[in-house]
Every structure is written in structure tokens, then in C-alpha cells.
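Throughout, a chain's letter reflects where its sequence line sits, starting with A, and its residues are numbered from 1.
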Amino acid sequence: MQVMQRILTADVHNRAGKSVTVQGWLHKKRLLGGLTFLLVRDRSGVVQVVVKDKKELEKLRGMQIGTVLELSGTAKGEPRAPGGAEIHNPKIEILVPVKEEPPIEIDKPIDHRPENQDTLFEYRAIGLRNLQESAIFKVRASITKALREFFYQNEFTEIQTPKLLAAATEGGAEVFKLDYFGQEATLAQSPQFYKQMLVGVFERVFEIAPVYRAEPSATTRHMTEYTSVDGEMGFIDISHLEEFLSGLLNFVVDYVWKHSQAELKTLSASKPALLKKIPAMSMSEIHEKYTEATGTKTIGERDLRPDEERWICEYSKEHLKSDAIFVTDWPASDMKFYHKAQTKDKNLAERIDLLFRGVEIVTGSMREHRYDELLKQLKEKAGGNPNDPGFKYFLMAMKAGMPAHGGFGMGLDRLTEKIVGLSNVKEATLFPRDINRLAP
RNA sequence: GGGCUCGUAGUGUAGUGGUCUAACACGCCUCCCUGUCACGGAGGAGAUCGCCGGUUCAAAUCCGGUCGAGCCCGCCA
């Protein structure tokens, strides 16, 4: 007996008049009496199936959404059907029966209100089957692909660096500690030192990987595990970095709006306004503008307040026609030891952050590549011991000939959140980890 | 870590001292329905109102504790 070849639901419209077999999940039943509409989902989308035969329909009695089916019927062009085609007179075979109803909506948008997010994540394994949910992650995959493509176009080498580390490195953020065969180890809060070491090898490197922060933050923009997009390149100055990041964000947005139209439409996402060259403003200028506009005095502060970040993005959108804006001229007093101070003003760091739709998505900087300066900053700024395994090998590479170099870390979750138009990073993360969630 | 807010059927909500023997919507079950697409209609099942204690003649409702969750701030991507 010849087995009918499976086709994808998206191909049904190409097979009008022919016999087809599809396999997928039951996504929705609509019983109208003499005829029933089924929606069947597979990796390519959803197709409508029309069932008139009572015997066939009876097979689905008690079968809940999620039941795995095989249907063989006749493909038909049908303008009234979603997708313009449907399957008629199917023979239905139940491959995996599901008798229990899903605890969360599959065929209608799931409420993302903050109070309900615990439910959203508790039933994540099933809720992701909702087309609005899976669309977020199709877009995220598309963003990831675009990032990779842009890096490759610019001759970066993709790397993977250790996440298990012997000691705390960067300082600042809290690190997770764990037992490593009796020795204390930490989880990487950043690939910082490794990507810098590898500039000495490949000149340009990038990594898209998880990083871990043990900060007890409970906000809409923090997680204890997130995906960091790290880039690092040699023989550049800060203007190159700015130019690269402008190009990157533009490329990603254009790519996604070209390749993920259907998902973006499902999500009612609006395309960000961007300029080829993303505008830049110094921190002190932002403080002045914000203070003048809101009456809240931030002049002299060494960072931007969250509300200030939202405000300047609104300002940028309205006056500069850009949903993204660079923040330049950060105070050197708070910079990391591996950062470089500006040569024209030692009190300012060679750092730029990129704000996008109200949140910081990128921090970038030039690194101190002069060995003696770096050693001095390590001791003075971080109080670090050069012989500590966390610094020793980094310094080894830095001593062996490092050009002027710089790079950045970008939050993939935040980028996805803002491109899609969500209001919490966790919504853009498949299985988010935060201070009180370690499962699923 | 600091501040504020919220826990009511599987899910989302209403009810804020007595009329609650807890209501509505979605989902589920039974029946009707031949073009639905958030299908429609009739009926039904499903909740010791997070938990513990207290106040009161009377508590989903007020108070205390506890557990869980969310938001803002700090910090960052």
C-alpha cells in the first residue's frame, strides 16, 4: 500500500483539485451542524478543513485542542477560507489523542497583563502553541538570524566562550556562585575578557549566548539569565562603533520587516522609525533637556534614570524622527577598569549606550588597550590582583599585542521586546529566569 | 535590597460587612445549527473566595501574620 506523502498546510493552496495529506495539531473546532470547520496547525501555519461526514467528525468527539491528526482529503481553492484554500471530505486519523483541555488559551490571544504573567509562564509549554505567542519567537529567531548575517557580512568570526568561570571578572554585577568539584566557580556575567582576547586572534568576533546576573532586580527589563549579543572589533575608534551599531539596528529592522511580515502583522507591531545614522546626544545634554522639560533635576547625575530614558526616546522620536538614540560622554568615574577614558577629557569615558523605544539595549565602549594603563586601571579602579585567574589570562593576551579596540553588549531579549512592541523582556523570552522563577 | 499593589471555578474578571445558597465571560460536557473564522442558540458541570489566626450576632469583604505574584526605584543589557 502506498503511503500518501505529507504536505505542509501552507502548500494546500498549490494543490487545488488534488488529494492531499496533512499532519498536524488540532487547533480549533467550529461545529455548525451539517458542517464543521477544523483548523489544523503544523510548522508552516494553519489550514482550514471542512468536515461534512458525521462518521469522520465522530472520531473527534472528546478530542481536545492539541490532538495530533492526519487528514487526507481534497485540496480546494476557496476565497472564503483563511489562506484562500481548504481541505474537503477528509479521512481523519488520530495519531495522538488528547483528552485533557489546555489550561490556557490556544486559539485566542493570551492576556499579557502584568498581574497574569505568572499564569503565562506557568503554562508556557502549552501557551507557546498560541499563534500570537509563537509569532513573538519566530520574530526573535528572525532577529537572531539578521544579527548573525550582519556580523558575517562585516567579517566577524562567531565564537563561543566559557560560561563556567574560575572567578568573578568584570566586577559590578553580582555573580552566581556554584560548587565546581569542591572549588568555587561562577557563571559568566559577560564574555567580556574572552572576546577581547580573541580580538588578538580574529580581529572581529561576535557571540550570541546566555549570560547570568545574580542581581535581585524585579523590573520589566531584568532577568537573571538573558541572551547577550556581544561584538568586539580591533583597529577602530568610537565613531566606527557608532556607525556599526547604526548599521546593525537598521539592518535587523529592515530584515525582520522583510522576512517576518505575517508574524509582525499578527502582533500588530509597528516598524520603528530609524535614521541611517542614529542620532547621538551627550548625557549632560539629556540631563539638561529632561530637567527643563519635567522640572525633575537630574543635572550632574552620573547615569540616566529609567524615566529619563523613556523621556529622551519620546523626545528623539518626536524631534529627531528616530526611535533609537545614542547616549555619549559618560562619566569616567563609574567606568569599568577595562574601559578607556577620552583623550580630550579624562573625566569622560569612551562609551556609548543605545536607547531604543525607552530602554537601554546596548552598552558599547572603547577598551583600554595600552597594557600599562590597563594594569594601572585594574589595580586602581577594580582593586584587582593581576595574578588572579580571572585577570591573568586576559592580561596575558593584552600584553601580547592588542590594537585599539572596542565592542558592545546588546540584550537580545530587550531588542526583541521593543521590536515586537511588548512591555516586559520576559514576554520576549521563551522560558524566562528571574528572581522567583527557575522553572519551566 | 527599599517602596507600593494584588491573590475569588481550568483561564480572565465582578462582588469591598448581612440581599453571596458567590455573579459574568472564555474554556469544558449535552443538544440544535451547511460558510464559520473571537461562529451563533438552549441547557449543564465546575469555587471550602491563597493559607493560618483574630474582630463581629454575621467575613470573599475588616485586622494581624504567612505564603505567592506584580509594578516602581536602586542596578544593568
Side-chain angles (χ1 to χ4, degrees), chain A residues 27-39 46-54 57 61-65 76 78-83 86 88 99-123 126-127 130-132 170 172-174 189-192 208 210-230 301-310 334 336 353-356 359-364 408-418 423-426 428-429 434-437:
Chain A
H27 193 69
K28 183 71 187 170
K29 274 192 274 192
R30 275 192 276 268
L31 292 84
L32 274 71
L35 87 167
T36 292
F37 294 105
L38 304 178
L39 294 181
V46 167
V47 75
Q48 178 162 284
V49 180
V50 180
V51 187
K52 292 183 182 170
D53 186 337
K54 288 251 190 285
L57 186 62
R61 182 177 286 271
M63 295 298 147
Q64 303 294 336
I65 286 171
K76 221 184 149 190
E78 171 56 80
R80 289 174 294 183
E86 56 194 17
H88 282 218
K99 303 250 171 83
E100 224 168 285
E101 62 188 286
I104 195 165
E105 297 280 7
I106 298 295
D107 64 311
K108 273 181 225 146
I110 301 176
D111 200 330
H112 275 221
R113 264 180 295 185
E115 314 82 74
N116 303 334
Q117 270 173 25
D118 194 46
T119 309
L120 182 66
F121 299 131
E122 181 59 26
Y123 299 117
I126 297 162
N130 183 294
L131 297 180
Q132 277 77 23
E170 277 192 52
E174 291 290 321
Q189 55 171 291
S190 153
Q192 188 61 38
I208 301 173
V211 293
Y212 303 89
R213 307 254 163 124
E215 296 285 353
S217 305
T219 77
T220 53
R221 12 178 234 295
H222 291 89
M223 295 186 291
T224 50
E225 177 183 70
Y226 70 92
T227 303
S228 181
V229 179
D230 274 276
E301 289 187 358
R302 295 183 299 188
D303 198 353
L304 297 176
R305 298 182 183 183
D307 185 58
E308 215 169 0
E309 292 179 349
R310 290 186 282 267
D334 290 341
K336 304 267 176 64
D353 279 24
L354 180 58
L355 305 184
F356 180 52
V359 295
E360 181 184 318
I361 59 164
V362 174
T363 293
F408 62 91
M410 174 188 266
L412 179 60
D413 317 86
R414 286 187 184 180
L415 178 64
T416 305
E417 173 203 349
K418 289 303 164 189
S423 47
N424 189 322
V425 258
K426 293 166 201 165
T429 305
D434 66 23
I435 188 165
N436 19 330
R437 185 167 279 282

### Residues that Arg113(A) engages under salt bridge (charged side-chain N to carboxylate O under 4.0 Å, His left out), provided they are two or more places apart
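So Arg113(A) forms a salt bridge (charged side-chain N to carboxylate O under 4.0 Å, His left out) with Asp111(A).
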Any donor-acceptor N/O pair, [X] side chain to [Y] backbone, under 3.5 Å:
{"X": "Ser217(A)", "Y": "Thr219(A)", "answer": "no"}
{"X": "Gln189(A)", "Y": "Arg213(A)", "answer": "no"}
{"X": "Asp434(A)", "Y": "His222(A)", "answer": "no"}

### Message
I'd like to know if Glu360(A) pairs up with Arg414(A) as an ion pair, taking the criterion as any Lys NZ or Arg NE/NH1/NH2 lying under 4.0 Å from an Asp or Glu carboxylate oxygen.
### Response
no
Atom [atom1] of [X] and atom [atom2] of [N]: how far apart are they, to the nearest Å?
{"X": "Asp307(A)", "N": "C75(B)", "atom1": "CG", "atom2": "C1'", "value": "17 Å"}
{"X": "Glu301(A)", "N": "C73(B)", "atom1": "CD", "atom2": "P", "value": "13 Å"}
{"X": "Ile65(A)", "N": "C28(B)", "atom1": "CD1", "atom2": "P", "value": "6 Å"}
{"X": "Leu304(A)", "N": "G74(B)", "atom1": "CG", "atom2": "P", "value": "11 Å"}
{"X": "Lys29(A)", "N": "C37(B)", "atom1": "NZ", "atom2": "P", "value": "18 Å"}
{"X": "Glu78(A)", "N": "C37(B)", "atom1": "CD", "atom2": "C1'", "value": "12 Å"}
{"X": "Leu31(A)", "N": "C28(B)", "atom1": "CG", "atom2": "P", "value": "10 Å"}
{"X": "Asp353(A)", "N": "A77(B)", "atom1": "CG", "atom2": "P", "value": "7 Å"}

[X] side-chain N/O to [N] phosphate OP1/OP2 under 4.0 Å:
{"X": "Arg61(A)", "N": "U30(B)", "answer": "yes"}
{"X": "Gln64(A)", "N": "C29(B)", "answer": "yes"}
{"X": "Arg80(A)", "N": "U34(B)", "answer": "no"}
{"X": "Arg113(A)", "N": "U11(B)", "answer": "no"}
{"X": "Arg305(A)", "N": "C76(B)", "answer": "no"}
{"X": "Thr219(A)", "N": "C75(B)", "answer": "no"}
{"X": "Thr363(A)", "N": "A77(B)", "answer": "yes"}
{"X": "Asn424(A)", "N": "C71(B)", "answer": "yes"}
{"X": "Lys99(A)", "N": "C28(B)", "answer": "no"}
{"X": "Thr220(A)", "N": "C72(B)", "answer": "yes"}
{"X": "Asn116(A)", "N": "U13(B)", "answer": "yes"}

### Message
Let me confirm one number: the CZ-CG distance from Phe356(A) to Leu415(A), rounded to the nearest 0.5 Å.
### Response
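Answer rounded to 0.5 Å: 6.5 Å.
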### Task
State the CZ-CD1 distance between Phe408(A) and Ile361(A), to the nearest 0.5 angstrom.
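Spacing of CZ (Phe408(A)) from CD1 (Ile361(A)) equals 10.0 Å.
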Have a look at [X] and say if it touches a base, only the backbone sugar-phosphate, or nothing, with a 4.0 Å heavy-atom cut-off.
{"X": "Asp334(A)", "answer": "nothing"}
{"X": "Pro103(A)", "answer": "sugar-phosphate"}
{"X": "Val362(A)", "answer": "sugar-phosphate"}
{"X": "Pro216(A)", "answer": "base"}
{"X": "Glu86(A)", "answer": "base"}
{"X": "Ser217(A)", "answer": "base"}
{"X": "Glu309(A)", "answer": "base"}
{"X": "Arg310(A)", "answer": "sugar-phosphate"}

Euclidean distance for [atom1], [N] against [M] (whole angstrom):
{"N": "C73(B)", "M": "A60(B)", "atom1": "P", "answer": "38 Å"}
{"N": "G74(B)", "M": "G2(B)", "atom1": "P", "answer": "16 Å"}
{"N": "G35(B)", "M": "U30(B)", "atom1": "P", "answer": "23 Å"}
{"N": "C75(B)", "M": "C37(B)", "atom1": "C1'", "answer": "47 Å"}
{"N": "A45(B)", "M": "U55(B)", "atom1": "C1'", "answer": "37 Å"}
{"N": "U66(B)", "M": "G27(B)", "atom1": "C1'", "answer": "33 Å"}
{"N": "G70(B)", "M": "U11(B)", "atom1": "P", "answer": "16 Å"}
{"N": "C24(B)", "M": "C31(B)", "atom1": "P", "answer": "24 Å"}

Scan every strand shown for a Watson-Crick or G-U wobble partner of [N], both distances under 3.5 Å, and answer none if you come up empty.
{"N": "C24(B)", "answer": "G12(B)"}
{"N": "G18(B)", "answer": "C57(B)"}
{"N": "U66(B)", "answer": "G50(B)"}
{"N": "G43(B)", "answer": "C29(B)"}

### Query
With nearest nucleotides of RNA chain B determined for Asn436(A) and Asp413(A) from heavy-atom distances, which residue corresponds to the more 5′ nucleotide?
Asn436(A)
### Query
Between Ala81(A) and Ile361(A), which is nearer to the 5' end of RNA chain B once each is assigned its nearest nucleotide?
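The 5'-side residue here is Ala81(A).
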### Task
Please determine which of Val46(A), Val51(A), Leu31(A) meets the side-chain contact (heavy atoms from CB on, under 4.5 Å) test together with Leu38(A).
Val51(A)
### Task
Give the nucleotide from the list G27(B), G35(B), C76(B) with an atom nearest to the side chain of Arg213(A).
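For Arg213(A), the side-chain atoms sit closest to C76(B).
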#### Entry: Pi stacking test for Tyr226(A) and A77(B): under 5.5 Å apart, planes under 30°
yes
### Task
Could you check if a side-chain atom of His88(A) sits within less than 4.5 angstrom of a side-chain atom of Lys52(A), using non-hydrogen atoms only?
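The answer is no, as the side chains (C-beta and beyond) never meet within the 4.5 Å cut-off.
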### Task
Spell out yes or no: do the side chain of Glu115(A) and the base of U5(B) have one donor N/O and one acceptor N/O closer than 3.5 Å?
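Answer no: no donor N or O sits under 3.5 Å from an acceptor.
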